[in-house]
Amino acid sequence: MNIHDIKQPNDIKTCSIAELEDLCDQIRCFLIESVAKTGGHLSSNLGIVELTVAMHYVFHTPQDKFLFDVGHQSYVHKILTGRVSMFPTLRQYKGLAGFQKRCESEHDAWEAGHSSTSLSGALGMAIARDLNKEDYEVVPVIGDGALSGGMAMEALNQIGALSPKMVIIFNDNNMSISKNVGAMDEAFTRLRTSRPYNNLKEDLKGALSNTKTGSAVLKSMRSMKNAVKANVVDTSIFGDFNLDYIGPVDGHDLRTLIKVLEIAKKHDGPIVVHVMTKKGKGYSYAEEDKEGKWHGVSQFDPQSGQTLAKMPAGHLSWSEVISKTLVDLAAKNEHIVGITPAMIGGSKLQNFFDAYPDRAFDCGIAEEHAMTFAAGLATSGIRPFVSVYSSFLQRAYDQINHDIARMDLPVVIGIDRCSLVGEDGDTHHGVFDIAMLRSIPNMILSQPKDATEAQNLMYTAFQQQHPFAIRYPRGNTPYQSVHHYEQIELGSWTSWEMQDYEVIIITYGNDVDRIISKVKVNQLPVRVVNARFFKPIDSMMLEELCAQEKPIIIYEADMMAGGLSSAILEYVNDHKLHQEFIRLGIDDHYVTHGSLPQLRKLEHLDMNSLCELIVHLIGGKNHEA
């Protein structure tokens with residue numbers, strides 16, 4: 001069967017094992033060639049090819065419900081559900097989403113961009129099925145990294161208590177984005193390598209080859225479960241949650257996978273199928289990757305494995321700027337520690353971990369724990385820096401509010417990937433953190449306009465005694481190391497202006513210099529204010545701006561509700577200042593996936609739209625956008 005002939009999952013159900021194996025080879029080649037052109041999540045999808053084919057061979061979507069934890073490893077699922085022709089548009093505006101998307105296909109029962117949600121969602125579906133007296137299978141696929149998330153543990157607890165019929169596929173590749181850490185990973189390692197389980201794998205193969213119904217396998221599973229417990233091998237991960245277990249199974253052996261899934265499908269109650277896969281399977285660069293570089297990729301040359309995206313000379317990523325500053329500050333202050341929830345590579349913290357291994361902590365996929373852990377450190381004189389992506393920060397809102405800010409603890413939070421992030425779409429846009437954090441007492445919230453200001457804000461954050469958040473976007477910025485740090489006055493703004501300016505723009509982050517550059521090129525009479533603090537705001541400068549009675553535009557590439565413009569309007573109203581504002585930002589909706597220029601244009605946040613507005617405000621005299 002040719003990959004391009006697949007219109008629905010039923011098309012593969014008459015294939016022989018040999019034909020399915022050939023199909024898997026086609027899928028791998030297609031994924032490498034396709035993702036090389038569009039970018040996307042590669043290694044996780046290469047690792048799950050045979051498993052996804054086996055799932056669609058045994059189960060029947062859309063009646064049966066597949067939930068891929070995180071969802072970025074659903075590319076093979078998309079291919080098998082008739083979307084192969086859409087892959088040239090992967091993660092592009094109005095194109096194929098990089099995650100499961102309910103509005104995209106009836107075969108996508110769930111959508112998520114964060115880990116550890118699949119089991120809770122699957123339990124809800126299974127209970128709804130039983131309440132509605134319906135008959136279908138619920139099949140969540142969750143990885144070893146995602147199982148370190150507390151939400152997954154909470155779900156397992158209730159699944160074991162309620163015991164609904166469901167097949168939980170534990171996709172064990174021993175490699176999340178960052179190396180798995182902690183007691184959970186150690187337990188999985190024992191599970192993979194224990195002698196009783198290795199004996200079980202041989203017994204399992206024999207049982208599968210000698211039975212059509214799988215009853216012998218189910219009996220051997222129960223006796224194995226007792227034998228394993230007697231040998232003190234840690235099946236308690238699943239067994240103590242009252243879940244039956246089968247595995248480990250070779251996740252690249254189609255024949256065995258299909259037979260095991262057929263057995264699990266007949267099982268009454270919840271059962272865990274432990275599948276061992278290799279992340280990046282079939283592409284040597286991804287297979288050999290130990291740092292998560294091939295987890296999510298930009299465009300690359302499939303032959304050499306070299307990325308086609310080049311960093312401009314003299315630039316660093318914003319994450320690198322923050323990380324380098326942290327390393328430098330920690331050299332001068334032995335109380336500074338670094339914390340990450342499983343994003344050492346993405347947050348560019350490897351240098352810190354190498355330099356200060358005793359002061360560097362990877363908490364695994366557990367943003368909530370990371371924040372309260374930092375709070376505990378801060379109560380005893382340690383100065384924690386927690387690096388977390390903006391879209392993951394919202395998972396720790398309660399801990400920031402209740403455990404850090406309420407006790408007014410000096411935890412520094414680096415909010416990475418803030419604002420619009422582009423192709424990953426609505427699950428990953430970091431546009432909510434200003435609104436979330438601005439309402440919390442004791443919080444200081446800031447964003448630098450350039451690398452110099454970023455370094456000085458980091459320095460400032462460690463010179464004071466309150467919760468201090470610094471947000472910074474994806475992408476790169478011109479970089480020069482600051483030799484002598486400057487402590488920035490909390491709440492202070494700065495400004496730049498053309499002579500005889502007629503319009504004021506209040507903005508923040510790297511948009512400050514982008515707007516200044518555009519204003520200069522077009523010789524527009526504008527004053528640009530760098531509102532580098534969202535909380536506290538510069539009330540003195542704001543009152544001075546309002547007193548001029550000139551048009552003021554507030555430009556924010558984040559949610560307007562609760563954002564910078566909300567802070568300004570609240571102050572102006574409460575202090576009875578007479579000033580109207582034009583607000584440019586993201587209104588009350590989720591933003592889709594696409595390139596940043598496309599999304600900014602969609603949200604009327606592109607530079608041309610801004611210039612047209614400025615020209616309109618000044619009457620169009622001798623000015624062109």
Query raised in the report: Are Ile488 and Tyr459 side-chain neighbours, meaning at least one heavy-atom pair lies under 4.5 Å?
Result: no

Query raised in the report: With Ser495, which residues qualify under side chain to side chain donor-acceptor pair (under 3.5 Å), at least two apart?
Result: Arg527

Requested in this report: Test side-chain contact (heavy atoms from CB on, under 4.5 Å) on Leu599 and His429 and set out the steps.
Outcome: CA-CA 11 Å; Leu599 298 183; His429 291 312; 3.6 Å; yes

Query - side-chain contact (heavy atoms from CB on, under 4.5 Å) evaluation trace for Phe462 with Leu326 - result: CA-CA 10 Å; Phe462 285 105; Leu326 182 67; 4.1 Å; yes

Requested in this report: Could you please spell out the steps behind the side-chain contact (heavy atoms from CB on, under 4.5 Å) verdict for Gln487 and Gln464?
Outcome: CA-CA 10 Å; Gln487 188 165 345; Gln464 55 82 59; 5.6 Å; no

Query raised in the report: What pairs with Ser595 under side chain to side chain donor-acceptor pair (under 3.5 Å), at least two apart in sequence or on another chain?
Result: Gln598

Query raised in the report: Is it true that Asp426 and Lys101 have a side-chain N and a carboxylate O under 4.0 angstrom from each other?
Result: yes

Query raised in the report: Is the shortest heavy-atom distance from the side chain of Pro410 to the side chain of Gln465 under 4.5 Å?
Result: yes

Query raised in the report: Do other residues, nucleotides or ligands put more than 12 heavy atoms under 6.0 Å from Gln350 CD?
Result: yes

Query raised in the report: Among side-chain atoms of Thr38 and Gln92, is any donor-acceptor pair under 3.5 angstrom?
Result: no

Query raised in the report: Does any non-hydrogen side-chain atom of Arg514 lie less than 4.5 Å from one of Tyr555?
Result: yes

Query raised in the report: Looking at residues at least two apart in the chain, or sitting in another chain, which of them share a side chain to side chain contact (heavy atoms under 4.5 Å, CB included) with Ala366?
Result: His369

Query - All side chain to side chain donor-acceptor pair (under 3.5 Å) counterparts of Asp606, not counting sequence neighbours - result: Ser609

Report task. Compare every heavy atom of Val321 with every heavy atom of Tyr479, then report the nearest pair and how far apart it is. Result -> CD1-CG2, 3.7 Å

**Report entry** Side-chain donor-acceptor pair present, Ser317, Glu320, cut-off under 3.5 Å
**Finding:** yes

Requested in this report: Considering non-hydrogen atoms only, spot the tightest contact between Cys418 and Asp433 and give its length.
Outcome: CB-OD2, 4.1 Å

Query - Taking every non-hydrogen atom, the tightest pair across Ile32 and Gly282 - result: CD1-O, 4.3 Å

Report summary line: Of all heavy-atom pairs linking Asp511 and Ala557, the shortest is OD2-CB, 4.0 Å

Report summary line: Residues Phe352 and Val337: closest non-hydrogen pair is CZ-C, 3.9 Å

Report task. Report the C-alpha separation of Lys449 and Asp513 in whole Å, then their side-chain angles, then the decisive distance to 0.1 Å, and conclude whether the side-chain contact (heavy atoms from CB on, under 4.5 Å) test is met. Result -> CA-CA 7 Å; Lys449 76 179 185 68; Asp513 287 341; 3.4 Å; yes

Report task. Tell me, please, which residues at least two apart from Arg91 pass side chain to side chain donor-acceptor pair (under 3.5 Å). Result -> Asp424

Requested in this report: Report yes or no: do Arg474 and Ser319 form a side-chain donor-acceptor pair below 3.5 Å?
Outcome: no

Report summary line: Partner of Ile339 under side chain to side chain contact (heavy atoms under 4.5 Å, CB included), picked from Ile413, Val412, Val411, Leu377, is Leu377

Query - Heavy-atom side-chain contact between Leu329 and Asn333 under 4.5 Å - result: no

Query raised in the report: Which pairs with one or both residues in residues 302-349 pass ring pair (Phe, Tyr, Trp, His ring centres under 6.0 Å), sequence neighbours excluded?
Result: none

Report task. Determine the interplanar angle of the Tyr283 and Phe300 rings, folded into 0 to 90°, and report it as parallel if under 30°, tilted if 30 to 60°, perpendicular if over 60°. Result -> tilted

**Report entry** Sub-4.5 Å side-chain heavy-atom contact between Leu437 and Phe534
**Finding:** no

Requested in this report: Determine the minimum heavy-atom distance between Gly346 and Asp416, stating which atoms define it.
Outcome: O-OD2, 4.0 Å

Query raised in the report: Taking the side chain as C-beta and beyond, is there a heavy-atom pair between Met343 and Leu349 under 4.5 Å?
Result: no

Query - Electrostatic pair Lys278-Glu50, nearest N-O below 4.0 angstrom - result: no

**Report entry** Note: Asp328-Lys324 ion pair, threshold 4.0 Å (strictly below)
**Finding:** no

